[in-house]
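Order of listing sets the numbers, starting from 1, for every ligand and every atom in it. Values reported hereafter were calculated over all heavy atoms of this structure, with side chains retained and with hydrogens, waters and symmetry mates removed. The first residue of the sequence shown is numbered 1, and numbering continues consecutively from there.
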Amino acid sequence: MTTAMRASRLAGGDRRIRVSFEFFPPATEEMEKTLWESIERLKPLAPDFVSVTYGAGGSTRERTHATVKRILAQTPLTPAAHLTCVAATRAEIDAIVDSYAQAGVRHIVALRGDPPQGPGARFVPHPQGYRNAADLVAGIRRRGDFEITVSAYPEKHPDSPTVEADIDMLKAKVDAGAKRAITQFFFENDLYFRYLDRVRARGIDIPVVPGILPVQNFKAMTGFAARCGASVPAWLAERFQGLDDDPATRKLIAAAVAAEQVVDLVDRGVTTFHFYTMNRADLVYAICHLLGLRPALPEAA
Ligand code: FAD
């Protein structure tokens with residue numbers, strides 16, 4: 001039996017494949033159209049939840065809120081709103097959390113966020129703000145009965161001096177009430193499993209869901225990966241070599257690469273995936289199909 005057949009069988013068996021999808025709030029009408037086409041396309045796959053990011057420094061506060069509310073109002077999907085501590089007082093963050101509670105949002109992805117100067121600059125908490133992601137998780141817990149998800153870094157966060165210090169922060173977030181972690185994207189599955197061993201050895205038992213990034217744009221991805229401390233293996237660069245002006249082939253390669261990654265993860269026991277969709281459905285839909293997911297909800301809006 002091939003690995004793809006094994007993965008496909010898993011999806012229908014006891015170890016059902018579960019997925020979640022991440023979107024970012026659109027900045028223009030055209031991007032809004034693309035986002036909603038993608039949500040409509042992915043919706044029938046019945047994800048556990050769909051998350052909406054919070055722009056650097058809170059720059060998309062209103063747009064994140066509007067997108068989350070529209071998902072609640074117009075789809076059967078469960079939204080999760082990302083929230084960061086950057087450049088805001090505790091009172092401001094608390095007000096956002098309360099407004100989510102009022103709107104019916106029960107799931108928050110709680111993050112420290114990057115400093116306004118961007119990743120790599122030193123993070124300085126707002127004097128009246130939450131100090132870090134663990135402090136934010138505790139603050140959200142105090143405001144209501146939210147499901148709280150946090151980040152995890154198989155290759156450690158660039159601010160963190162060591163993997164151990166990084167795992168200490170994950171432990172602090174779990175102790176504060178986080179119930180799930182989603183990883184930064186990675187391309188070498190061994191990195192994820194090595195990290196998971198260390199997390200479990202530290203007594204952390206929440207799900208650590210692999211974050212999968214189908215590579216829509218290799219060049220853009222490498223810039224982003226450098227800033228967030230994710231390594232890009234030479235074999236991956238080789239696969240995209242010479243395709244800068246060939247988007248159609250790039251897409252096929254991207255699907256093949258992501259398929260190979262998730263099928264290997266399934267083979268090694270993973271059943272839950274978070275997809276960084278970049279607001280595009282086609283690659284993610286294809287990978288989910290390969291994993292055996294089939295429409296469970298009506299296709300029409
Ligand atoms: P934390 O978990 O708080 O910290 C990460 C690591 O950095 C820890 O190991 C900690 O030890 C170390 N660290 C933190 N602060 C310090 C310090 N002052 N000195 C030394 N070490 C320190 N960003 C957004 O702006 N909006 C989003 O919607 C968003 N969504 C994300 C979703 C996921 C799944 C992931 C993985 C990341 C996301 N990010 C988002 C990026 C994230 O905000 C950045 O990576 C940010 O730099 C760290 O936030 P965090 O909550 O991951 O950090």
Please confirm whether the backbone N or O of Ala152 pairs with a side-chain atom of Lys173, one donor and one acceptor, at under 3.5 Å?
no

Under 3.5 Å, side chain of Arg61 to main-chain N/O of Tyr54, donor-acceptor pair present?
no

Side chain to side chain donor-acceptor pair (under 3.5 Å) against Asp175, all qualifying residues, sequence neighbours excluded
Lys171

Can you list every pair where an N/O of ligand 1 is under 3.5 Å from an N/O on the protein?
from, atom 1, to, atom 2, distance (Å)
ligand 1, 2 (O), Lys173, NZ, 2.5
ligand 1, 7 (O), His157, ND1, 3.4
ligand 1, 9 (O), Ser160, OG, 3.0
ligand 1, 9 (O), Asp166, OD1, 2.7
ligand 1, 11 (O), Ser160, OG, 3.4
ligand 1, 15 (N), Arg112, NH1, 2.8
ligand 1, 21 (N), Asp159, O, 3.2
ligand 1, 25 (O), Tyr54, O, 3.4
ligand 1, 26 (N), Tyr54, O, 2.6
ligand 1, 28 (O), Tyr54, N, 2.9
ligand 1, 28 (O), His82, ND1, 2.9
ligand 1, 30 (N), His82, ND1, 3.0
ligand 1, 43 (O), Gly113, N, 3.3
ligand 1, 45 (O), Tyr153, OH, 2.7
ligand 1, 45 (O), His157, NE2, 3.3
ligand 1, 47 (O), Arg112, NH2, 3.0
ligand 1, 47 (O), Asp114, OD1, 2.5
ligand 1, 47 (O), His157, NE2, 2.7
ligand 1, 49 (O), Gly113, N, 3.3
ligand 1, 51 (O), Arg112, N, 2.6
ligand 1, 52 (O), Ser151, OG, 2.5
ligand 1, 52 (O), Tyr153, OH, 2.5

Val215 and Ala254 have their tightest heavy-atom pair at O-CB, 3.2 Å

With a cut-off of 3.5 Å and sequence neighbours excluded, list every side-chain donor-acceptor pair involving residues 19-26.
from, atom 1, to, atom 2, distance (Å)
Ser20, OG, His274, ND1, 2.7
Glu22, OE1, His274, NE2, 2.8

Test ring-ring contact (aromatic ring centres under 6.0 Å, His included) applied to Phe273 - qualifying residues, sequence neighbours left out
none

